[in-house]
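Some notes on the structure that comes next.
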Number of protein chains: 2
Amino acid sequence: MKNRLKVLRAEHDMTQAQLADETGVSRQTINAIEKGKFDPSLPLAFRFAKLFKLKIEEIFQDEE
Amino acid sequence: MKNRLKVLRAEHDMTQAQLADETGVSRQTINAIEKGKFDPSLPLAFRFAKLFKLKIEEIFQDEE
DNA sequence: TATATTTGTAAAACAAACTTTACATCAAAT
DNA sequence: ATTTGATGTAAAGTTTGTTTTACAAATATA
């Protein structure tokens, strides 16, 4: 499962800490997701989508 | 987090066991998700979406 | 260059997702 | 009515997601 969080953050000029804050998780969680250590929960994926006004599939992609 | 799995299953005439099988989880997991006991992981949500050819948001909805 | 901010990482602990086994209930059924 | 298939549920266990604390490394900025 790949994701575009780092790029989306850059486009919105946000730090990992700010994204964590806006989505209600810790900065380490954002970092771990960006680094591919694990996938977010579905509710957290929805919060990313809502924040960036994108579909979940526009942020996360199955890497077959 | 609400979901339309039960309806989608009905539309596709599938049992919980069949859906479990096609998405690689146990029947109890399908049952628990349908009954709202917990949300699926993001990868599992993707598998549902792929199977039913729907966006994740067409299957799962934030209940505000 | 020194200092501040951001990012990477790690360990311990807890929470949520998921499995296995097992049994009970419900609805066709015919 | 009893069997058969589907669903509901529960307990114990494993794995994955997440937090907290803490520190090191990288990047920006003064």
I want to check one thing: is the phosphate of C/dT5, taken as OP1 and OP2, less than 4.0 Å away from some side-chain N or O of A/Q16? no
Consider the side chain of B/F38, meaning its heavy atoms from C-beta on, and name the nucleotide among D/dT18, C/dC18, D/dG8 that approaches it most closely. C/dC18
Rounded to the nearest angstrom, tell me the gap between atom NZ in B/K37 and atom P in D/dG8. 10 Å
Rounded to the nearest angstrom, tell me the gap between atom CG in B/L19 and atom P in C/dC18. 12 Å
Test of understanding: clusters of I, L, V, M, F, W, Y form through side-chain heavy atoms closer than 4.5 Å, transitively. Do A/V7 and A/F52 belong to the same one? no
D/dG8, D/dA6, C/dG8: which one has an atom nearest the side-chain heavy atoms of B/K6? D/dG8
Spacing between B/E34 atom CD and C/dA17 atom C1', to the nearest angstrom: 16 Å
Would you find a donor on one side and an acceptor on the other, under 3.5 Å apart, between the side chain of A/E34 and the backbone of A/N31? no
If I take atom CG in residue A/D39 and atom C1' in nucleotide C/dA17, what distance separates them, rounded to the nearest angstrom? 13 Å
In whole Å, I'd like the distance from the CG atom of B/L44 to the C1' atom of C/dC18. 9 Å
Nearest-neighbour nucleotide for the A/R27 side chain, D/dT9, C/dT7, D/dG17 considered: C/dT7
Any A/L44 side-chain heavy atom under 4.5 Å of A/I33 side chain: yes
Of B/M14 and B/S41, the one whose closest nucleotide on DNA chain D sits nearer the 5' end is B/M14
On a heavy-atom basis, which atom in A/E22 and which in A/M14 lie closest, and how many Å separate them? OE2-CE, 3.5 Å
Rounded distance in Å - CZ (A/R9) to P (D/dT27): 13 Å
Rounded distance (nearest 0.5 Å) linking atom NZ of B/K50 with atom CD of A/E57: 12.5 Å
Please report, rounded to the nearest Å, how far the C1' atom of D/dG5 is from the CG atom of B/D13. 13 Å
Given D/dT9, D/dT19, D/dG17, identify the nucleotide with an atom nearest to the side chain of A/S26. D/dT19
Under 4.0 Å, heavy atoms only, any strand: does A/T29 hit a base, just the sugar-phosphate, or nothing? base
Integer-rounded Å distance: D/dA6 C1' and B/N31 CG: 10 Å
Polar pair under 3.5 Å, donor/acceptor by atom type, side chain B/Q28, base C/dT21: yes
